[in-house]
Asks: 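Just passing along the structure, written as structure tokens.
Chain A is the first sequence line, chain B the second, and so forth, proteins listed ahead of strands; every chain is numbered from 1. Below, all heavy atoms of this structure are taken into account, side chains as well, without hydrogens, waters or symmetry copies.
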Amino acid sequence: MTTPPSADGAPGPPPETDLAEHSSPNGPGSERAKTDGTRAEQEVGTDESLEAQAAAGVSSSPPTSPNIWRHTPTLTVAPTIGTVLPMPPPRLAAMTAHRPASVSLDGLFIGPYHVAAGSLVGSAHLASGVPRQDAYDFIEAEAGRLVVAVADGMGSRPNSQVGARAFCDGMCLAVGASPNDSAASYLASANDYAVKVCRDHDLAPDDIAYVAALAVFHEDACEVLRVGDVSAFALTDEGFTELFADQEGHVNIVAAALPAEPLPTPESFCGHGLTRVVLCTDGLANDIRHSAQVRAWLQTSWTALVDVYGMAEALRFRRRGSHDDRTAVLVSVRTPEDIGVVNDGITGASFAG
Amino acid sequence: MKTESSELYTIFPVFMVLDVSASMAGGPIEALNDALPSLKKEMLSNPTVGEIARIAIVTFSDVGRTVVPLSDLAQVDLPDLMVEGGTNFAAAFRETKNAILSGLQALPKGTPIYKPVVFFMSDGEHQAPGDWHTALDELRDRSWKFAPEVVAFGFGDAKKNTDALREIASRFSFLAEEADPALQVREIVNALIGSIRTTSTSFRDPSQADGLHLEAPSEFFTPLPPMTL
């Protein structure tokens, strides 16, 4: 079967119609979504769309053939914040090598920690056919020592997802080789590994440019190093507290990036007694900084330990102007009392941690 | 007036500085008026542009005018641009600085912004008493927190003095290739739209590129070498 050409001549699904209409729904179940029969997301011929047409006073003439090529987002309770425009269909550009999956999710216990992590491709990347450029990984080094890496490929670089992924892989390999090393050593090793991968793939270092953060959790301490604007927040009942000072300047410019030789001096944070820490790329950090609704939504979503689906849902909010990849690694530190009795969340039974 | 807000949306401020001197009469000004709706269409149809880019339109002849202050172009009626008198670059730069200042100061405090970009477009040379360099220096003053990246496009008689275009641009200046000025105008507007689109969707870049991504195809434009002092 031949895929219908798009408006710009590239293969792919046909463009959505009525894209010019603004929308400001509060989720798919909002009044707006129910009453506006012209919205691009409105599926033709469904009970919901017929009800919507009736509510909007639109003639209930027999529905035309449903457009089976229309990409209909699944329902979500995640909020829509601000006035937004319908998104064009998701695409993948031809000859896209080194493509990670559009979504990566985790939600599991690891040592004395619970790690809930999610990385979602940004809507701008989906619209322009670019793969997800964020990456994360984590590994328990030895009992009670957790190392986490989060990396964000530069949007303008053709293979930055390679650098971001390689940094995270490099961190895991470095920890595997030397479980007792320092955060700074892991950062340097991960950078070196990214350079090696870059060379192996015959890519120029600039082509895989990324920014990254690396955190080591041990006992009640948390050390975070970063190069660039990947950030970290402490999450408490009072809300989010950013662990680094927000980088000043324009949001589309960063001062430092990896891979780099020599390695730039990373910014560092070291704290004690933090029970929940979120490492995240700027696609999410900017929303946390600048949106009270996003902060409230995430705080509610992350009140309890979340599984993979909960993590995906938490990151699915739609916010005006927020189109970058979103990645968060939420580390919850279990106290000795917490570890004594843990609900496994599946059977309802308790087990000794 | 600045207001505090719990919802601060990222803004990419773009300032189009357009020559409406008498030499633009006929095809060029008509082409400009015909092409501007395509920019509005892009704002309406592409959420990655329309939700971020804010556009101002400044015209200049003997005087500079902010005909569209920094706005969501989807929400404003586009003006019908008219040709006026001479060509005063100093007036253009002074008015542009005013437009940047008033546009960005009106945003809620703490609004995250991309580096502002000025797209300067002219078909001629400065023809007014006085020097224009001081006004340009004030616009591009690196110590000014809103200092923009200035990109210059020349066409028509601008080719007689490409040094002026090179001086005006922070780094990037172009001369349109087409023989017909109306086609040149159209290609320049297309280049502006493409650059706004690409920059809006490229979230960051190392400082070397200052976050700006230009879409000025070589078949339509001759890039001019940067002016080095």
Asks: Between atom OG1 of B:Thr10 and atom CG of A:Asp282, what is the distance when rounded to the nearest 0.5 Å?
Replies: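 Reported value, rounded in 0.5 Å steps: 9.5 Å.
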Asks: State, yes or no, whether a side-chain contact exists between A:Pro88 and B:Pro47 at a heavy-atom distance under 4.5 Å.
Replies: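 Sidechains of B:Pro47 and A:Pro88: in contact.
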Asks: Are the side chains of B:Tyr9 and A:Ile81 in touch, meaning some heavy atoms are under 4.5 Å apart?
Replies: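 Sidechains of A:Ile81 and B:Tyr9: in contact.
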Asks: Does NZ in B:Lys41 sit with more than 12 non-hydrogen atoms of other residues, nucleotides or ligands closer than 6.0 Å?
Replies: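 Not more than 12 within 6.0 Å, no.
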Asks: To check you understand the geometry: which heavy-atom pair defines the closest contact between B:Gly50 and A:Leu85, and what is its length?
Replies: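 What the structure gives for the nearest pair is CA-CD1, 4.3 Å.
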Asks: First locate atom OG1 of B:Thr48, then atom NE2 of A:His125, and finally report the distance between them rounded to the nearest 0.5 Å.
Replies: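 It comes to 10.0 Å.
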Asks: Between A:Arg289, A:Arg295, A:Arg319, which is the residue that forms a salt bridge (charged side-chain N to carboxylate O under 4.0 Å, His left out) with B:Glu7?
Replies: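 The single option meeting the salt bridge (charged side-chain N to carboxylate O under 4.0 Å, His left out) with B:Glu7 is A:Arg319.
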Asks: For B:Glu51 and A:His323, does a side-chain donor sit closer than 3.5 Å to a side-chain acceptor?
Replies: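 Result is yes, a qualifying pair exists.
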